[in-house]
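Below is one structure, written out as structure tokens; the observations come after it.
Not measured: the values here are computed from a predicted model. Numbering of ligands and ligand atoms starts at 1, following listing order.
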Amino acid sequence: MSRVQGKDSDLFSGFSNTSLKDRCESCSNIVSCIVCGNSISGFEHIGVRAAAGHESGIWHYANPCRHRNELRPRSANVKYGGGPLWRNGYTWQNIFWGSYFAGSAASTWVRDIERAVIDIESDKTYSVGLSQYDVGIGKLNHPVTIKTAPATKITDGQIRQTLASWIASGSIPNLGTKGAYNIFLPPGVTVSFSPAEASCAVFCDYHNTANGSNGPFYTVEPYPCSKGCNQCTNHALDTLTQGLSEEMVELKTDMNPGTGWVIGTLELCDYCDAKFVCNRITGGEYVNSWYDKNKKACWKGI
Ligand SMILES: [Zn+2]
Ligand SMILES: [Zn+2]
């Protein structure tokens with residue numbers, strides 16, 4: 001495992017054998033919430049692609065008060081924290097949540113998403129290039145459509161509980177720690193991390209884990225926001241693939257947010273979002289670039 005700096009193991013040594021890795025380098029010494037001042041036991045970390053006007057990165061929610069703490073990064077170097085990474089042979093499971101996706105009006109949409117996931121995961125430089133981070137190439141299961149629609153307003157915690165119930169009931173395969181779920185939401189559904197932080201208003205999409213390094217690991221893709229989440233075209237699919245590509249790359253390289261490959265409080269695509277350039281993979285899909293540590297530059301496509 002290549003390391004950019006030598007102190008990674010020291011910084012993360014306290015967490016290596018626990019399932020709940022609730023500290024990263026940037027929050028390791030924070031003892032009280034910067035919003036309410038109450039003492040905190042740790043943070044939930046969520047890998048977030050922000051909407052325009054907000055900053056993408058590893059968002060920190062303090063426990064137990066649940067306030068988001070905007071932390072100053074303590075490092076500008078790319079580092080590996082010892083957490084789980086995506087290996088060869090891991091599996092993606094796309095989940096289309098709601099009867100909307102079973103209807104004929106959505107059939108093209110579903111087909112385009114299925115193709116995008118395959119194209120993103122197999123691209124010769126975009127995805128294969130992540131081998132420099134000791135990350136492999138996954139396969140794609142047949143998609144699952146869940147007929148029962150989500151509520152129009154749901155929280156990430158509710159998504160996590162629902163994901164666990166689908167696994168328990170056998171509605172979706174149990175991937176364990178060797179894969180991840182892409183959860184696609186129908187139009188009109190808003191996801192929130194807190195009452196003040198909802199999809200499209202402050203973020204576009206994200207990835208997370210239900211239980212630290214034990215997973216299950218998942219990305220959440222709300223139906224594309226009409227503004228704030230696409231700097232290249234006005235097409236919904238282009239908006240979707242920009243976010244999906246970022247969450248797939250960041251899930252693979254930082255499965256338990258904050259414990260894998262990070263640059264301070266940023267994941268690998270967050271770094272490139274700051275100086276955003278429109279890029280496409282060879283399949284034609286718009287994608288968000290990731291930081292190439294060998295070239296010391298952001299990945300470039302077509
Ligand atoms: Zn942290
Ligand atoms: Zn607080």
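Computed with the Zn ion (ligand 2) at the centre, the C65 SG to C33 SG angle is 110°, stated to 10 degrees. With the Zn ion (ligand 1) at the apex, H60 NE2 and C27 SG define an angle of roughly 120° (rounded to 10 degrees).
For the pair K252 and W290, the NZ or CZ position fails the cation-pi test of under 6.0 Å to the six-membered ring centre and within 45 degrees of the ring normal.
Checked against a 6.0 Å centroid threshold, the rings of W109 and Y223 count as neighbours.
Sorting the N, O or S atoms of H67 by how far they are from the Zn ion (ligand 2) puts ND1 first.
Heavy atoms of other residues, nucleotides or ligands lying less than 6.0 angstrom from CZ of F193 number more than 12.
No donor-acceptor contact under 3.5 angstrom links the side chains of Y126 and N279, judged on distance only.
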